[in-house]
Every structure is written in structure tokens, then in C-alpha cells.
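Contents: one structure, followed by commentary.
Keep in mind the model is a prediction, meaning the values are calculated, not measured.
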Amino acid sequence: MHEGNFSLIFYPQTLEGPRPDDGKPNLPMALLLPHAAYQWIGKELEEAYHRVGGSNPDRVVILAPLHQDRRPSMQDHWLFAPSDVGIRMGSMTASYETSLIQSVIARFPQIVQADDSVFLEEPGWELHAALSASHFPSIPLVPLLCEESLDSARVRILTTILGNLVGPRTLLIVTSNASSLLAAKPAWEQASAFATALIQGEPLLDKGHKGIIGACGYALVEAVGRLPWFTGRWTITGASVNDAHFSAVPPSVVPFEGDGVWHLCAEAQRMQT
């Protein structure tokens with residue numbers, strides 16, 4: 001059992017969990033959520049999880065970008081899964097769906113590596129593991145950490161791998177910030193371009209490679225958008241920068257001192273069959 005490293009540092013030991021009025025909403029295919037410290041984005045994260053709190057998924061897949069430098073032990077792998085059986089985070093625990101994780105590693109051995117060490121240093125995925133455990137305490141997790149910079153060929157492979165993990169009752173959580181750490185105007189420009197591309201279902205890779213968008217996980221979001229069950233468009237449910245919170249990225253620059261990062265929350269619905 002993996003002992004979480006960031007409880008009380010990156011997120012509280014006790015989280016809200018489901019509310020009585022969460023009801024039984026439709027289960028979206030995916031949530032796009034940020035991965036900053038809870039003190040900055042906890043309100044919108046809790047609201048995003050409340051929106052799906054009664055949907056009763058059969059598993060939660062967490063796909064998060066890897067922010068670490070490469071080590072020789074990683075060899076040529078660019079997608080990483082845990083070999084632990086679960087994680088303990090303060091007062092919460094979550095089990096991993098180990099048989100499914102092992103089957104993916106066996107099928108894609110040149111791409112996916114079991115490496116618990118990379119999970120020790122990443123607070124973002126652990127925050128979402130804790131939020132998932134607080135809202136779905138008995139649902140197994142499949143956490144994956146992926147290199148941020150992917151070309152189109154690797155995005156296609158990632159989509160194929162996700163297709164082996166995402167079923168009719170799976171909740172897929174992909175984490176990404178909406179801009180780089182920038183001054184007010186360029187950060188707003190990046191966040192606006194990212195939000196527009198999500199809403200309109202536009203490809204993200206070219207915009208990311210050209211610097212039009214600076215979201216750290218845009219290639220991961222692109223892979224999710226290529227899944228066959230996806231309608232092709234995201235619905236923005238919240239946006240924020242520093243301590244300013246909005247229902248969407250506003251149409252004009254939000255001024256602030258120094259540099260800041262925009263965050264977005266969005267939902268991807270399933271294709272109706």
C-alpha cells in the first residue's frame with residue numbers, strides 16, 4: 001500500500017465527500033480538472049466531483065501529466081502505472097484495479113512501465129486520488145502518469161491504451177492546467193484559446209506545438225478527445241485564476257500582479273448509441 005506524501009500539504013486530510021443532494025446524475029465519459037493545490041482550486045474541484053458524486057462508476061481512471069525529469073530507469077517508456085495495490089491518504093484509502101493495470105502493462109511493455117517512484121513525487125494525481133476516494137470510497141482506481149509532450153503517433157497510442165481501460169461505467173479524469181505561468185494578458189490568451197478549442201472540439205496538438213495554448217496536459221486531453229465514445233466537445237463548468245472564479249473564461253483580461261496560471265473544469269459527455 002502506497003503511503004501518500006501530500007496530505008495536509010497539497011490537500012486537507014479530510015475532504016467533503018458526497019452531498020445528500022448529489023442524486024444520481026448521468027455519468028460523463030470524462031472530467032477535465034486542474035491539479036493545483038487544494039487551497040487554490042478546492043472549491044471548483046469539490047463542485048466538479050459533486051456533479052458526478054451519485055453516478056456510481058465501476059472504476060476511476062486518473063490520467064495526469066508527468067512533471068519530472070527523465071531517469072535512466074525509465075528507458076524509453078513514457079506512460080507509467082503503479083505496482084502498489086492502493087494508496088493511503090490521511091484518513092482515506094483507495095485500491096487500484098491491479099489486474100487491469102497488469103494487463104495493460106503486459107500488452108504495451110515498451111510503452112507502459114510499472115514504477116511506483118514516479119508517483120511519490122507528483123502531488124496532482126494524489127489530490128485526485130483523494131477526491132475520488134472521498135466521493136467513491138469503494139471504487140477502484142487506475143492511475144496513470146504520462147509525459148507531457150506527445151506527438152500525434154503517441155497520442156494515437158495513448159488513445160488506444162485508454163480504450164482498453166474505459167468502459168460504459170468508467171469515469172475518466174484527465175488533469176491539466178489551462179495556461180502556462182504567465183502575466184495576466186498572455187495567460188488569459190492561452191486559457192481563452194484552450195477553452196474555445198475544447199468547446200468547439202478542435203484539435204489541440206497543433207495549437208500546443210505553436211504555443212497558442214500552454215496547458216501542461218493538452219496532449220493528454222487530445223488523446224481523450226479521440227476516444228470513440230466522446231461527442232467531440234467539452235462543456236466548461238468553471239474557470240479560475242489566482243483567487244478569481246468564473247463559470248467560464250471571461251471575454252476580457254483578468255488583471256493580476258506578477259504571473260498566474262488559469263484553471264478550467266470541464267465535462268465530456270458520452271456519445272449516445
Could you check if a side-chain atom of Ile161 sits within less than 4.5 angstrom of a side-chain atom of Leu79, using non-hydrogen atoms only? yes

Does a side chain donor of either Asn56 or Arg169 reach within less than 3.5 Å of an acceptor in the other side chain? no

Side-chain donor/acceptor of Asp84 to backbone N/O of Gly86, under 3.5 Å: no

Scan Leu205, Leu204, Asp206, Val221 and name whichever one has a side chain to side chain contact (heavy atoms under 4.5 Å, CB included) with Ile213. Leu204

Does atom CD (Glu3) have a neighbourhood of more than 12 heavy atoms from anything else shown, all under 6.0 Å? yes

Between atom NZ of Lys207 and atom CD of Glu202, what is the distance when rounded to the nearest 0.5 Å? 4.5 Å

Using modelled atom types and a 3.5 Å cut-off, is there a donor and acceptor pairing between side-chain atoms of Gln113 and backbone atoms of Ser73? yes

Pairwise side-chain contact, Tyr96 with Pro140, heavy-atom cut-off 4.5 Å (strictly under): no

Give, for atom CG of Asp76 and atom CD1 of Ile111, the distance between the pair rounded to the nearest 0.5 Å. 10.5 Å

So His50 and Glu16, side chain to side chain donor-acceptor pair (under 3.5 Å) or not? Walk me through it. CA-CA 9 Å; His50 287 322; Glu16 290 183 14; 2.8 Å; yes

Restricting to non-hydrogen atoms, name the atom on Leu145 and the atom on Pro65 that form the minimum distance, rounded to 0.1 Å. CD2-O, 4.2 Å

Value for SG (Cys265) from CZ (Arg51), rounded to nearest 0.5 Å, stands at 9.5 Å

Does Trp188 reach the main-chain N or O of Pro250 with its side chain, forming a donor-acceptor pair under 3.5 Å? yes

Test item: Ser132 side-chain N/O and Ala129 main-chain N/O as donor-acceptor pair under 3.5 Å: no

Is there a donor-acceptor pair closer than 3.5 Å between any side-chain N or O of Glu122 and the backbone N or O of His67? yes

Closest heavy-atom pair, Met29 versus Leu227, reported as atoms and distance to 0.1 Å, is CE-CD1, 4.1 Å

Restricting to non-hydrogen atoms, name the atom on Ala114 and the atom on Ile105 that form the minimum distance, rounded to 0.1 Å. CB-CD1, 3.7 Å

Check whether Ser240 reaches the backbone of His245 with its side chain - one donor and one acceptor, N or O, closer than 3.5 Å. no

May I ask you to decide if Val118's main-chain N or O and Gln68's side chain share a donor-acceptor pair within less than 3.5 Å? yes

Counting C-beta onward and ignoring hydrogens, is there a side-chain heavy-atom pair between Leu162 and Leu63 closer than 4.5 Å? yes

Using side-chain heavy atoms (C-beta onward) and a distance below 4.5 Å, is Val142 in contact with Arg59? yes

Okay, side chain of Asn177, backbone of Ala215: is any donor-acceptor separation there less than 3.5 Å? no

Please assess Glu148 against Tyr218 for the test side chain to side chain donor-acceptor pair (under 3.5 Å), listing each intermediate value before the final yes or no. CA-CA 8 Å; Glu148 294 181 47; Tyr218 69 84; over 6 Å; no

According to a 4.5 Å side-chain heavy-atom criterion applied to Ile, Leu, Val, Met, Phe, Trp and Tyr, with indirect links allowed, do Leu182 and Leu264 form part of one hydrophobic cluster? no

When you compare the side chains of Glu126 and Tyr11, does any donor N or O come within less than 3.5 Å of an acceptor on the partner? yes

Indicate yes or no for a side-chain donor-acceptor contact from His128 to the backbone of Trp125 under 3.5 Å, with no hydrogens or angles considered. no

Ala187 and Ser180: which non-hydrogen atoms are nearest, and at how many Å? CB-O, 4.5 Å

Nearest atoms (heavy-atom pairs only) where Pro143 meets Ile101: CD-CD1, 4.3 Å

Quick check: do Thr93 and Ile87 have side-chain heavy atoms less than 4.5 Å from each other? no

With a 4.5 Å limit on heavy-atom distance, are the side chains of Arg154 and Trp78 in contact? yes

Run through Val61, Leu32, Val60, Val52 and flag the one making a side chain to side chain contact (heavy atoms under 4.5 Å, CB included) with Ile173. Val60

Is the shortest side-chain heavy-atom distance between Trp40 and Asp243 below 4.5 Å? yes

Does Arg226 pair with Glu222 as a salt bridge, N-O distance under 4.0 Å? yes

Measuring from Glu46:CD to Arg19:CZ, what's the distance to the nearest 0.5 Å? 9.0 Å

Is there side-chain contact between Pro57 and Thr170, with at least one heavy-atom pair below 4.5 Å? no

Donor-acceptor under 3.5 Å (Thr196 side chain, Ser192 main chain): yes

For the student: nearest non-hydrogen atoms of Phe246 and Trp262, plus distance: CE1-CH2, 3.7 Å

Separation between CG (Leu33) and CG (Leu131), nearest 0.5 Å, reads 8.5 Å

His263-His35 aromatic ring centre distance below 6.0 Å: no

Arg71 vs Asp115, salt bridge (charged side-chain N to carboxylate O under 4.0 Å, His left out): CA-CA, chis, key distance, verdict: CA-CA 11 Å; Arg71 301 189 295 271; Asp115 188 345; 3.6 Å; yes

